[in-house]
Amino acid sequence: MSSKLDIINQGLLLLGESVITDYDTPVGIIADTLYKTTRDSLLASHRWRFAVKKVALVAASGSPVNEWQYHYTLPSDYVLLIRTYPNSNYEVFEDKLLSNLSTASIDYVFDPGEKKYPTYFIKALTHALASDMALSVTHDKAMADLQHKLADRWLARAKHADSQGRPQRVIQRRPFIDVRK
């Protein structure tokens, strides 16, 4: 299990820096400032199986504007919408889901917290954070470029590992093949 400080320290070690015990140093301030946006952008970059929830939405007060009949308040831990149940058209505005569904449930990505991150996600997050911190901490463009390449590589590996948590779906419709018949 990792903590925020563990992940930050791993990122600093990748840059050849010393570990920190608090965020009161210049390097600690940089790391602490970049951590949340780096983590949230990584969570929003993929439909991570370890970070998916299913929930029935609660109707919001008032009535929506324009073409939508209903609107629902999104959960406070919402990061990325995967799909609605039943499947329908929708739009997300601010913290609301607008739809023509009288009741709606969703699958969405949320942040389960550092203690629940699998090792492949921690590795990708560590490299993404090192990439984001590299120029500010080391002032070395070559190091920043290297860290960016490594972050991309570890993100691809993490996505691959995460995709193993669900069987592949069979293609149901084949309109291009059916046309030939």
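- Counting non-hydrogen atoms of neighbouring residues, nucleotides and ligands closer than 6.0 angstrom, the NE2 atom of H148 reaches no more than 12 such neighbours.
- Using a 4.5 Å heavy-atom threshold, the side chains of L12 and M133 count as touching.
- Within a 6.0 Å radius of CG in N89, no more than 12 heavy atoms belonging to other residues, nucleotides or ligands are found.
- In this structure the side chain of S131 never reaches within 4.5 angstrom of the side chain of L146, judged on heavy atoms.
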In residues 13-28, what donor-acceptor pairs under 3.5 Å come from side-chain atoms, sequence neighbours left out?
residue, atom, partner, partner atom, Å
D22, OD1, D24, N, 3.0
T25, OG1, G28, N, 3.0

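- We find that R47 and D162 are not joined by a salt bridge, their nearest charged nitrogen and carboxylate oxygen being 4.0 Å or further apart.
- Inter-residue side-chain proximity for T126 and S2 is flagged as unmet; no heavy-atom pair is nearer than 4.5 Å.
- Taking both residues in full, the closest heavy atoms of I8 and A31 are given as CG2-CB, 3.4 Å, listed atom of the first, atom of the second, then distance.
- At least one side-chain heavy atom of L43 sits less than 4.5 Å from a side-chain heavy atom of W48.
- Ion pair D145/K149 not flagged as a salt bridge, since none of the NZ, NE, NH1 or NH2 atoms sits closer than 4.0 Å to an Asp/Glu carboxylate oxygen.
- The closest side-chain heavy-atom distance from R157 to H127 is not below 4.5 Å.
- With hydrogens and angles left out, the side-chain atoms of Y90 and N100 include no donor and acceptor closer than 3.5 Å.
- Closest heavy-atom contact between L101 and Y85: CD1-O, 4.3 Å.
- Residues S63 and H71 fail the side-chain proximity criterion, which asks for heavy atoms closer than 4.5 Å.
- Taken to the nearest 0.5 Å, the NZ atom of K54 stands 8.5 Å off from the CD1 atom of I82.
- A single hydrophobic cluster is not seen to contain both L98 and Y70; linkage of ILVMFWY side chains at heavy-atom distances under 4.5 Å, directly or through other members, places them apart.
- For the salt bridge (charged side-chain N to carboxylate O under 4.0 Å, His left out) test, residues two or more places apart in sequence or in another chain that qualify with K4 are D32.
- Across all their heavy atoms, A130 and Q147 have their closest contact at CB-OE1, 3.6 Å.
- Hydrophobic cluster membership is shared by L34 and I122, with clusters built from Ile, Leu, Val, Met, Phe, Trp and Tyr side chains linked at under 4.5 angstrom.
- Using a 4.0 Å cut-off between charged side-chain N and carboxylate O, K53 and D107 make no salt bridge.
- In the hydrophobic clustering of ILVMFWY residues, with side-chain heavy atoms under 4.5 Å counting as a link, L80 and L42 come out together.
- Side-chain atoms of D40 and T37 include no donor-acceptor pair closer than 3.5 Å.
- Counting all heavy atoms, side chain and backbone alike, D111 lies closest to G113 at OD1-N, 3.0 Å.
- Salt bridge E91/K96: absent, no basic N to carboxylate O contact under 4.0 Å.
- For F121 and F50, the ring centers are positioned less than 6.0 Å apart.
- Nearest heavy atoms, S88 versus S99: OG-OG, 3.6 Å.
- Atom CG of L135 sits about 11.5 Å away from atom CE of M143, to the nearest 0.5 Å.
- When hydrophobic clusters are built by joining Ile, Leu, Val, Met, Phe, Trp and Tyr residues whose side-chain heavy atoms come closer than 4.5 Å, directly or via intermediates, V79 is not grouped with L81.
- Between the side chains of Y35 and D132, not a single donor N or O lies within less than 3.5 Å of an accepting N or O.
- Taking NE2 from H46 and OG from S163, the interatomic distance works out to 6.5 Å, rounded to the nearest 0.5 Å.
- At a threshold of 4.5 Å between side-chain heavy atoms, the hydrophobic network of Ile, Leu, Val, Met, Phe, Trp and Tyr places V109 and I106 in two separate groups.
- A heavy-atom distance below 4.5 Å is not found between the side chains of L74 and Y108.
- Side-chain contact between L125 and Y117: present, with at least one pair of heavy atoms (C-beta onward) separated by less than 4.5 Å.
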